[in-house]
Amino acid sequence: MKKIEKILIANRGEISVRIQRTCRELGIKTVAIFSEQDKSAFHVQYAEESFALGGTALADTYLNQDKIIEITKKSGADAIHPGYGFLSENSEFARKCVENDIIYIGPDPDTIDLMGLKTESRKLMEKAGVPVVPGSIPLSSIEDVKTEAKRIGFPIIIKASAGGGGKGMRLVNVFEELEPAFDSCRREAQNSFGNPEVYMEKYITNIHHIEFQVIADHYGNVKHLYERDCSIQRRHQKIIEECPSTILTDELREEMGEIAILATKACNYKNAGTIEFILDDTGNFYFLEMNTRLQVEHPITEMITGLDLVAKQIKIAQGESIEDLVINRRGAAIECRIYAEDPENNFMPSPGKLEVYTIPAGFGVRNDTGVYSGYTIPMEYDPMISKLIVYAEDRARAIEKMQRALGEIHVLGIKTNISYLRKIILTDNFKEGKVNTQFIEEHEEELSRRPIGYGKNAIAAAAILKYEDMMGNLPCSKNGKGSAWKMNARREGVNL
Amino acid sequence: MKKIEKILIANRGEISVRIQRTCRELGIKTVAIFSEQDKSAFHVQYAEESFALGGTALADTYLNQDKIIEITKKSGADAIHPGYGFLSENSEFARKCVENDIIYIGPDPDTIDLMGLKTESRKLMEKAGVPVVPGSIPLSSIEDVKTEAKRIGFPIIIKASAGGGGKGMRLVNVFEELEPAFDSCRREAQNSFGNPEVYMEKYITNIHHIEFQVIADHYGNVKHLYERDCSIQRRHQKIIEECPSTILTDELREEMGEIAILATKACNYKNAGTIEFILDDTGNFYFLEMNTRLQVEHPITEMITGLDLVAKQIKIAQGESIEDLVINRRGAAIECRIYAEDPENNFMPSPGKLEVYTIPAGFGVRNDTGVYSGYTIPMEYDPMISKLIVYAEDRARAIEKMQRALGEIHVLGIKTNISYLRKIILTDNFKEGKVNTQFIEEHEEELSRRPIGYGKNAIAAAAILKYEDMMGNLPCSKNGKGSAWKMNARREGVNL
Amino acid sequence: MKLVSRLGGEENIVDVTKLDSGKYKVIIDGEEMIIDVPHINHDKINILYDNKSLDYSYLKSEDMYELNYMDKNFEIELYDERRFNLRKAEFSNSGPEKIKSSMPGKIVKLEVSEGDLVEAGQGILIMEAMKMENEVKCAKAGIIKKIYVKEGDAVEKSTVLVEIESE
Amino acid sequence: MKLVSRLGGEENIVDVTKLDSGKYKVIIDGEEMIIDVPHINHDKINILYDNKSLDYSYLKSEDMYELNYMDKNFEIELYDERRFNLRKAEFSNSGPEKIKSSMPGKIVKLEVSEGDLVEAGQGILIMEAMKMENEVKCAKAGIIKKIYVKEGDAVEKSTVLVEIESE
């Protein structure tokens with residue numbers, strides 16, 4: 001058992017900060033890495049040491065395995081935490097860590113291999129007795145695609161073999177849409193994961209996306225930390241997650257938990273991972289995939305169990321046993337993903353300078369973010385700016401708390417989906433727990449209604465601002481032609 | 001049972017905001033009140049309606065009962081939440097609420113009377129079989145003081161009969177100190193509580209301040225929500241509180257909890273309250289007083305039970321039963337009170353403008369505050385600017401989290417006790433749970449050591465700032481001679 | 001000070017005066033409000049009116065004031081009379097619709113050609129930004145008059161992409 | 001640009017130059033540092049040096065720069081040569097100690113009279129502020145030369161209260 005003393009976080013943004021916070025608590029030194037665009041990112045400022053990756057392209061920076069290994073050695077870090085996305089499910093990278101005597105905080109490379117290619121993992125799970133969805137082998141030509149689609153039957157979903165996190169997926173309802181979807185999916189798969197391989201699965205409608213958090217140590221102990229319901233998705237991207245799920249009975253929860261542990265054992269898993277299931281209205285569930293890393297939505301599990309999953313990951317990687325760990329679930333938690341995007345303009349990403357950013361607070365409110373007021377959100381990365389997580393004694397109170405907390409966030413300078421998220425959680429169906437993966441489509445009309453804000457007070461406030469401005473009394477307009485603006489322009493010209 | 005729809009919060013600062021947050025969640029409208037000095041306070045901005053009390057003196061504002069009742073009626077509020085301090089333990093005010101058909105969120109006026117005068121409540125508790133500390137009747141002349149001090153024996157402590165919250169207390173070790181302490185205590189009692197009456201108690205050394213949170217409904221159901229250990233005090237003022245207490249065995253916890261329920265029932269208590277005990281090293285404990293209101297440190301109880309105490313208060317006031325309430329305790333919580341004061345200058349209060357204020361975040365971190373960046377902390381009120389509360393799976397992790405979170409707060413413009421709090425929690429004795437009310441005195445030397453900060457990097461940063469400033473590139477210096485400064489001066493001249 | 005405001009397509013006449021008491025008198029289309037302003041700085045204004053305390057964050061750029069209160073955003077244009085008259089022509093302009101990029105990004109695919117008839121809501125092109133492909137759609141039906149970009153182009157925010165002539 | 005810094009009673013010679021790369025060369029008492037500054041605004045400066053990213057909040061007033069990093073505060077005075085020479089006399093001044101109020105408040109009680117001998121740490125007077133009584137003590141032993149306030153006075157921050165002549 002080797003005590004980890006310094007960790008390099010091979011990631012950026014909120015997850016890098018979140019991992020660093022736990023490291024600081026545990027007295028473990030942190031090393032951040034950054035691309036040129038991320039020089040002024042919060043994860044760089046927060047770390048004790050920060051190393052430039054020296055480039056802008058993903059391949060040169062956050063996906064540059066050799067460079068990251070080199071920096072790890074140079075900094076003297078004894079472990080790497082991959083976060084989610086980027087190299088977090090890349091067995092080659094995990095293998096390089098092992099070869100270079102660096103502790104990889106995650107499962108063994110062989111396990112990543114096994115579970116990484118979705119077609120392979122489905123086979124393994126079938127053998128272990130875990131139910132799986134009907135699907136295809138990897139598809140490389142449009143002819144194969146057409147043949148398989150006919151065999152499985154529409155609707156089908158095309159997925160990147162190396163994908164995850166909602167990217168690289170296309171739903172196809174009719175034969176005519178097959179070819180453009182195949183092309184577009186391969187393109188996105190190549191761009192996002194460096195691997196164009198795709199496969200298809202039967203698309204099961206009216207389903208619930210239920211995933212189980214599992215942790216496993218090096219001594220064969222596997223435990224689950226209950227489920228997360230991630231059914232609220234837009235374009236196959238989770239936007240609201242919650243636990244416990246409203247549709248699981250205690251019996252079903254127990255059964256799925258046991259299958260999750262079975263699946264985890266089947267691939268000789270170590271560290272924290274997630275077993276994703278789809279569940280239909282009649283209680284049938286199927287293994288979808290395993291995420292061999294920390295999940296974006298892990299905080300809701302932390303809130304209901306009171307356990308710090310990153311701390312558990314580090315301790316497992318150090319060789320500690322989880323045999324004595326007692327999991328005591330309580331209350332309800334919800335996470336909303338706040339994106340820099342414009343819900344009134346087809347959810348276009350909205351990168352740019354965050355002129356004003358106030359974060360919500362109070363009992364049971366957690367805001368995980370990697371941005372700050374004055375920070376410019378780069379256009380090259382995922383548009384998620386924060387995760388707002390709430391905890392309360394039951395689901396009704398958690399929804400009330402979420403709407404209160406969403407109302408406390410002030411953002412100016414970019415567009416966000418905050419009011420859209422608020423509309424979702426305040427629909428009658430969401431409040432009653434009637435959620436499934438079709439929720440957004442089925443509530444499109446209700447969610448596109450614009451709130452009628454009474455503008456008189458705002459006009460008066462703006463008029464007072466204009467008055468003071470014209471009197472020369474307004475201090476330092478941020479976006480005006482004053483020195484602040486000049487300073488920025490100059491800096492960006494020189495440094496970026 | 002009457003559903004409360006609108007609450008006037010008869011308070012200011014962080015506790016007003018904290019109560020309002022729960023109201024917003026529950027869909028209850030909020031009414032704030034404010035003195036002239038508090039016009040730009042956060043609790044005024046946060047409320048849906050805010051009414052000027054129209055004055056600066058306490059007697060004209062937050063202690064002005066008739067004015068507050070008048071505003072309550074004018075605003076249409078059906079209930080008043082008194083918070084802590086101010087009128088929160090004033091039976092006359094509670095009685096006026098009842099007479100005016102306003103729900104008072106707290107116990108009955110008669111109960112406040114019973115428990116308000118500390119000498120009366122001690123008698124009642126003795127009769128009910130609750131152990132109490134040897135003490136005096138109310139003292140009005142220095143002659144009585146001298147006689148009683150001789151009877152009880154030094155050290156003694158002089159306390160304001162109407163006091164609470166650490167104010168209006170004087171420890172006296174020798175006969176010579178008696179008269180100045182008596183004078184000063186009466187003066188402070190008069191100024192803070194509008195009542196100069198004092199009494200004295202035997203001062204028990206090496207004690208632990210243990211209090212039990214209780215809640216009681218209108219149907220005779222009384223439950224306790226476990227203890228809080230408030231032993232870390234400076235000048236008899238709590239500065240760090242935690243739960244669970246490190247020195248309570250499970251048996252002692254159960255015994256004290258039962259006595260707390262007995263005491264609560266003895267005074268026919270309703271709503272949330274706190275039974276304060278002192279506990280010596282050998283396990284003897286004595287009833288000290290009952291706080292017939294919400295306590296400053298209530299958040300740590302919320303963290304370990306997951307229950308929102310303000311929501312419970314409102315529901316009890318509405319006539320709901322707590323019979324079915326299950327109290328499920330988990331983990332450990334600590335609260336640090338952040339004060340505007342200078343630990344390097346005899347803890348002088350440090351009011352003034354909060355130029356920079358960044359709040360800490362992350363899993364298990366809660367920051368309850370009533371201030372914001374740019375706000376001027378008035379000199380007329382309590383110097384507490386926030387309460388930092390952390391939750392973790394055990395005490396060791398909670399201490400680690402607290403030191404991390406304290407490090408994330410940036411404050412400029414005023415002095416704070418942040419680094420002092422950090423030093424306390426990082427002492428070996430605190431880490432080992434060896435705390436008692438003498439802790440601060442006993443660790444004075446250790447706590448007064450100044451951290452040796454390596455200044456080279458800070459000097460370099462300051463030099464770069466000076467360079468850019470002299471080049472005319474620095475945007476809008478906040479404290480300089482620029483327009484921002486002029487604007488403030490003008491505003492303060494006109495409005496304050 | 002007389003101003004014209006524009007919010008959500010609606011125009012109002014606004015008159016602001018500062019009173020000796022330090023409060024402001026604001027008249028919006030004849031309706032008078034007496035407003036106290038306890039706090040104002042470079043990105044916040046707090047107004048107190050009719051016992052409501054409203055705490056707006058704000059951002060300004062030329063004539064535009066963007067205010068945020070809770071989860072509501074208000075984009076308010078404010079002009080003095082001279083500037084309003086100057087810009088008036090633009091507001092009522094019903095010429096060809098110009099579709100602009102709402103973010104910086106890369107043109108991945110053009111889905112229309114010049115001269116094409118398009119329906120309201122039809123996809124015009126696909127842009128990639130922030131690792132996602134996004135379809136740009138047109139708001140109204142019309143004829144594609146001009147396409148200013150080609151596949152592979154990297155465009156800045158607010159670049160005119162396509163011009164559509166209404167039918 | 002040559003400067004003199006003062007921090008915690010210590011003086012250093014500081015030389016700042018901006019390089020063509022946009023980085024800064026800072027020499028402190030002969031020791032050279034090449035520093036990158038990814039972010040700077042009205043209350044924050046973020047420096048990157050030796051793979052350490054340090055994110056300071058700051059506040060300035062005349063020659064004083066107050067910087068905050070984690071729970072550490074640095075009060076740094078920075079002077080150009082001319083100003084340093086002007087103020088030098090003050091720094092070394094060992095005249096009578098002036099005790100100033102560190103906050104606005106009310107004088108509740110005077111505990112000494114002019115001419116009294118006082119010891120280091122002895123209480124001088126009691127002030128009330130923020131609902132608390134606070135005792136003002138003297139740092140060094142000496143004779144009370146002059147008392148500028150009387151009981152009941154309301155004083156501002158930084159008012160000279162008492163002057164003590166060192167023995």
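Throughout, protein chains are lettered first and strands after them, A, B, ... in sequence-line order, and every chain is numbered starting at 1.
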Give, as side chain, backbone, both or neither, the part of [X] having an atom under 4.5 angstrom from any heavy atom of chain A.
X: B:M303; answer: both
X: B:T305; answer: backbone
X: B:A311; answer: side chain

Once rounded to the nearest 0.5 Å, what's the spacing between atom [atom1] of [X] and atom [atom2] of [Y]?
X: B:Y46; Y: A:E408; atom1: OH; atom2: CD; value: 3.5 Å
X: B:R404; Y: A:Q20; atom1: CZ; atom2: CD; value: 11.0 Å
X: A:R330; Y: B:I304; atom1: CZ; atom2: CD1; value: 8.0 Å

| request: Return yes if some donor-acceptor pair links the side-chain N/O of B:R366 with the main-chain N/O of A:A361 below 3.5 Å, else return no. | output: no
Does any backbone or side-chain atom of [X] lie under 4.5 Å from a heavy atom of chain B? Answer side chain, backbone, both or neither.
X: A:N328; result: both
X: A:Q403; result: side chain
X: A:L309; result: neither
X: A:F363; result: both

Best-contacting candidate, [options], against chain B by heavy atom pairs under 4.5 angstrom:
options: A:R397, A:K401, A:E25, A:M402; result: A:E25
options: A:G407, A:P299, A:G306; result: A:G306
options: A:R21, A:E393, A:R18; result: A:R21

| task | Count the heavy atoms of every other residue, nucleotide or ligand shown that sit under 6.0 Å from NZ of A:K29, and state whether that count exceeds 12. | result | no
| said: Can you tell whether the side chains of A:R24 and B:E400 come within less than 4.0 Å, N to carboxylate O? | reply: no
